[in-house]
> 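I'd like to ask you about the structure that follows.
Values in this document were obtained by computation on a predicted structure and should not be read as measured data.
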Amino acid sequence: MEPPISTDPARPDRRYDIVLFGATGFTGGLAAEALARRAAGESGAGPVRWAIAGRNADKLKRIRERLESISPAAASVGLIEASVDDSASLERLAEQARVLITTVGPYAELGEAVVAACVASGTDYVDITGEPAFVNRIIERYDAPARARGLRLVPCCGFDSIPPDLGVWFAVRELAAEGPVRVEAFVRSQGTFSGGTWHSAVGAMSRFREDRRANDALDRLPEAPGRRIEALPWRVGREPAVAAWVCPLPTIDTQIILRSARFCPEYGRDFRYRHSARVGSLPWLVGGAAAVGTIFALAQLPPTRSLLLRVRDRGEGPSEAQRAKAFFEITLLAEGDGRRVLCRVRGGDPGYTETSKMVVEAALCLARDRDRLPERAGVLTPAAAMGEPLLERLRAVGIEFEVLPR
């Protein structure tokens with residue numbers, strides 16, 4: 001049975017609160033399971049109306065059957081056929097949703113058409129990208145039209161970059177400094193990767209120069225007149241705050257956090273940030289750097305890049321047992337006004353189990369918590385778009401944000 005048309009005044013013509021595009025993929029399937037669990041428990045504003053979307057109708061039906069074992073209410077989940085190669089199908093998809101989640105990557109190759117459909121249809125958007133070139137492209141092309149329509153387009157709603165972005169927002173709030181603020185994040189994680197993640201990583205390495213230019217552009221957006229917001233220089237060394245060696249972690253997270261600081265005045269007039277990986281020992285640091293350097297070099301040439309891509313197929317992913325052993329922990333050191341605050345964000349398997357929860361909670365936040373969200377529109381960061389309501393939702397699904405004793 002099809003659900004009734006939504007009566008939400010902001011999206012009066014929408015059949016679904018949320019549509020998940022990419023549900024037949026590995027991470028998309030986990031996100032569908034997370035949404036089935038959470039939709040069944042939502043209350044206060046009526047049931048969550050949602051659908052799953054992908055290219056293959058038979059696969060979508062099998063996904064829905066699996067979801068029914070999680071929640072009998074999933075029997076009413078809608079099924080929508082759509083493909084990134086068919087812009088008309090994407091527009092039909094977006095027109096039915098108040099919020100669209102897409103897990104279809106690599107985003108630099110496959111993501112822009114979905115964003116374009118959302119902007120054309122007046123639909124809010126979240127994804128799990130960590131690709132700087134893609135994020136910069138959608139800022140350049142879609143920020144202004146999204147702002148004009150009052151839309152929230154929020155990329156990077158997975159492990160890249162919700163934990164560090166909301167973690168820094170949390171630490172800055174706890175510090176409550178009036179003068180210059182300095183925050184450092186030290187990231188430790190354990191887990192394996194899916195074929196889709198492997199393909200995205202190899203592709204990102206092959207586009208290193210493009211991503212470097214994109215990072216430079218992201219560093220300058222949006223404007224923050226009268227304020228100094230910048231990254232601290234990279235460093236390698238022993239860090240007493242975490243009793244471990246640290247080294248640069250050149251992900252998109254730094255740029256996302258600097259964007260949040262530009263959007264949010266509570267970060268202060270002088271905010272600086274550094275993003276580092278935390279490793280147990282110097283030999284691990286040297287060995288890891290050598291391994292990444294080798295993969296990076298091989299990704300630069302088409303023949304060796306092709307060999308790397310054969311290591312894992314796109315649809316492969318870690319088993320449930322492997323995911324159960326994985327974890328992440330981000331320690332944040334915030335300093336200002338002669339004080340320091342040490343905070344921690346941690347959870348389970350970062351790339352898949354927790355990423356699927358994060359993107360679902362972000363979508364639910366946009367769909368269900370509209371009256372509590374900051375009055376911002378355009379291409380936003382998770383912290384700038386959702387702040388406290390998203391933090392509450394993440395805690396409710398087991399992702400920890402805490403202040404550590406001094």
> Taking salt bridge (charged side-chain N to carboxylate O under 4.0 Å, His left out) as the cut-off, I'd like each qualifying pair that reaches into residues 386-404, sequence neighbours left out, listed once.
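For residues 386-404, and leaving out neighbouring residues, the salt bridge (charged side-chain N to carboxylate O under 4.0 Å, His left out) pairs sorted by first residue read Glu42-Arg393, Arg173-Glu388, Arg344-Glu402, Arg346-Glu400, Arg346-Glu402, Glu361-Arg393, Asp369-Arg393, Arg372-Glu392.
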
> So, does Lys357 use its side chain to make a donor-acceptor pair with the main chain of Leu394 at under 3.5 Å?
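Looks like no, no N/O pair under 3.5 Å.
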
> Counting C-beta onward and ignoring hydrogens, is there a side-chain heavy-atom pair between Asp127 and Val359 closer than 4.5 Å?
no

> Can you tell me how far apart CG (Leu332) and CH2 (Trp169) are? Round to the nearest 0.5 Å.
13.5 Å

> Not counting sequence neighbours, which residues clear side-chain hydrogen bond (donor to acceptor under 3.5 Å, both in side chains) with Arg66? List them please.
Glu33

> Working to the nearest 0.5 angstrom, can you tell me the gap between Ile139 CD1 and Leu153 CG?
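That separation rounds to 10.0 Å.
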
> Could you tabulate the donor-acceptor pairs under 3.5 Å formed by side-chain atoms of residues 161-168, not counting sequence neighbours?
{"residue": "Ser161", "atom": "OG", "partner": "Asp253", "partner atom": "OD1", "Å": "2.6"}
{"residue": "Asp165", "atom": "OD1", "partner": "Ser260", "partner atom": "OG", "Å": "2.7"}
{"residue": "Asp165", "atom": "OD2", "partner": "Ser260", "partner atom": "OG", "Å": "3.3"}
{"residue": "Asp165", "atom": "OD2", "partner": "Ala383", "partner atom": "N", "Å": "2.9"}

> Can you name the nearest heavy-atom pair linking Val154 to Ala385, along with the distance?
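Result for this residue pair: CG2-CB, 3.8 Å.
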
> Can you give me the closest heavy-atom contact between Gly336 and Leu175, atom names plus distance?
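Of all heavy-atom pairs spanning Gly336 and Leu175, the closest is N-CD2, 3.7 Å.
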
> Going by the rule salt bridge (Lys or Arg N to Asp or Glu O under 4.0 Å), which residues pair with Arg62 if we only count those two or more places apart in sequence or in a different chain?
none

> State, with a plain yes or no, whether a side-chain heavy atom of Ile101 is found less than 4.5 Å away from one of Val19.
no

> So, does Glu354 use its side chain to make a donor-acceptor pair with the main chain of Gly348 at under 3.5 Å?
yes

> In terms of side-chain geometry, is the basic nitrogen of Asp124 or Arg14 positioned less than 4.0 Å from the acidic oxygen of its partner?
no

> Kindly indicate whether the side chain of Tyr125, heavy atoms from C-beta on, has any atom under 4.5 Å from the side chain of Val99.
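Counting from C-beta outward, Tyr125 and Val99 never come under 4.5 Å.
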
> Please identify each residue that fulfils salt bridge (Lys or Arg N to Asp or Glu O under 4.0 Å) with Glu329, with sequence neighbours left out.
Arg188, Arg278

> More than 12 foreign heavy atoms under 6.0 Å from CD of Glu266: is that the case here?
yes

> A side-chain contact here means heavy atoms from C-beta on lying under 4.5 Å apart; do Glu230 and Leu258 qualify?
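With C-beta onward as the side chain, the pair stays apart.
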
> What are the two closest non-hydrogen atoms of Ala36 and Leu67, and how far apart are they?
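Closest approach of Ala36 to Leu67: CB-CD2, 4.1 Å.
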
> Yes or no on side-chain contact (heavy atoms from CB on, under 4.5 Å) for Asp270 and Val181, after CA distance, side-chain angles and deciding distance?
CA-CA 6 Å; Asp270 188 329; Val181 173; over 6 Å; no

> State whether the side chain of Arg238 and the backbone N or O of Ala243 hold a donor-acceptor pair below 3.5 Å, judged by distance alone.
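Yes; judged by distance alone, with no hydrogens or angles, the pair exists.
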
> Atom CG in Leu100, atom OG1 in Thr102: separation rounded to 0.5 Å?
6.5 Å

> With Phe21, which residues qualify under ring pair (Phe, Tyr, Trp, His ring centres under 6.0 Å), at least two apart?
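For Phe21 there are no ring pair (Phe, Tyr, Trp, His ring centres under 6.0 Å) partners, ignoring immediate neighbours.
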
> Could you go through Asp349 and Phe327, starting from their C-alpha distance and side-chain angles, then the distance that decides it, and tell me whether this counts as side-chain contact (heavy atoms from CB on, under 4.5 Å)?
CA-CA 5 Å; Asp349 167 48; Phe327 70 90; over 6 Å; no

> Is the side chain of Ser89 donor-acceptor paired with the backbone N or O of Ser83 at a distance under 3.5 Å, no angle test?
yes

> If we only count heavy atoms from C-beta on, is the Gln96 to Glu91 side-chain gap below 4.5 Å?
no

> Does the Glu131 side chain pair with the main chain of Ala133, one donor and one acceptor, at a distance under 3.5 Å?
no

> Mind checking ring pair (Phe, Tyr, Trp, His ring centres under 6.0 Å) for Phe328 and listing every partner two or more places apart, or none if nothing turns up?
Phe159

> If you take all heavy atoms of Val84 and Leu110, which pair is closest and at what distance?
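Minimum heavy-atom separation between Val84 and Leu110: CG1-O, 3.5 Å.
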
> Using the test salt bridge (Lys or Arg N to Asp or Glu O under 4.0 Å), find all partners of Arg269 that sit at least two apart in sequence or belong to another chain.
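Listed in chain order: nothing, the list is empty.
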
> Inspect the contact between Glu95 and Arg15 and indicate whether a charged nitrogen and a carboxylate oxygen are less than 4.0 angstrom apart.
no

> Could you report the tightest heavy-atom contact between Gly22 and Val104, atom names first, then the distance?
CA-CG2, 3.6 Å

> Can you list everything that forms a side-chain contact (heavy atoms from CB on, under 4.5 Å) with Glu335? Sequence neighbours excluded, please.
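Partners of Glu335 by the side-chain contact (heavy atoms from CB on, under 4.5 Å) criterion, ordered by chain and then number, come out as Arg182, Leu333, Arg340.
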
> Would you give the length of the straight line joining atom OG of Ser121 to atom CG of Leu151, rounded to the nearest 0.5 angstrom?
9.5 Å

> Would you indicate whether the side-chain heavy atoms of Ile52 and Val77 approach each other to under 4.5 Å?
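In short, these two side chains touch, coming nearer than 4.5 Å.
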
> Taking all non-hydrogen atoms of both residues, which atom of Val360 and which atom of Ala34 are closest, and how far apart?
CG2-CB, 4.1 Å

> Once side-chain hydrogen bond (donor to acceptor under 3.5 Å, both in side chains) is applied, do any residues pair with Tyr267, and if so which ones, sequence neighbours excluded?
none

> Do the rings of Phe26 and Tyr352 sit parallel, tilted or perpendicular, given the 30° and 60° boundaries?
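Answer is perpendicular, since the angle exceeds 60°.
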
> Nearest 0.5 Å please: distance from the CG atom of Asn136 over to the CZ atom of Arg141.
10.0 Å

> Could you tell me whether the side chain of Arg262 and the main chain of Ile229 form a donor-acceptor pair under 3.5 Å?
yes

> Can you sort out the partners of Arg339 under side-chain hydrogen bond (donor to acceptor under 3.5 Å, both in side chains), two or more places apart, ordered by chain and number?
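For Arg339, no residue satisfies side-chain hydrogen bond (donor to acceptor under 3.5 Å, both in side chains) once neighbours in sequence are set aside.
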
> For Arg147, what residues pass the salt bridge (Lys or Arg N to Asp or Glu O under 4.0 Å) criterion, not counting sequence neighbours?
Asp143

> Check Arg137 with Glu112, please: is the shortest side-chain N to carboxylate O separation under 4.0 Å?
yes

> First locate atom CZ of Arg149, then atom SG of Cys118, and finally report the distance between them rounded to the nearest 0.5 Å.
11.0 Å

> Mark yes or no for whether Thr123, through its side chain, and Ala94, through its backbone, hold a donor-acceptor pair below 3.5 Å.
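Confirmed, Thr123 side chain pairs with Ala94 backbone.
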
> Is the backbone N or O of Glu68 less than 3.5 Å from a side-chain atom of Ser71, with the two atoms forming a donor-acceptor pair by type?
no

> Can you tell me if Asp337 uses its side chain to pair, donor with acceptor, with the backbone of Gly179 under 3.5 Å?
yes

> With a 3.5 Å distance limit and no angle check, can you tell me whether Ser356 reaches the backbone of Thr353 through a side-chain donor-acceptor pair?
yes

> Quick one: does Arg227's side chain get under 4.5 Å of Phe271's, heavy atoms only?
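Side chain of Arg227 against side chain of Phe271, heavy atoms only: no contact under 4.5 Å found.
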
> Could you check if a side-chain atom of Leu373 sits within less than 4.5 angstrom of a side-chain atom of Cys365, using non-hydrogen atoms only?
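Yes; the side chains approach each other to less than 4.5 Å.
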
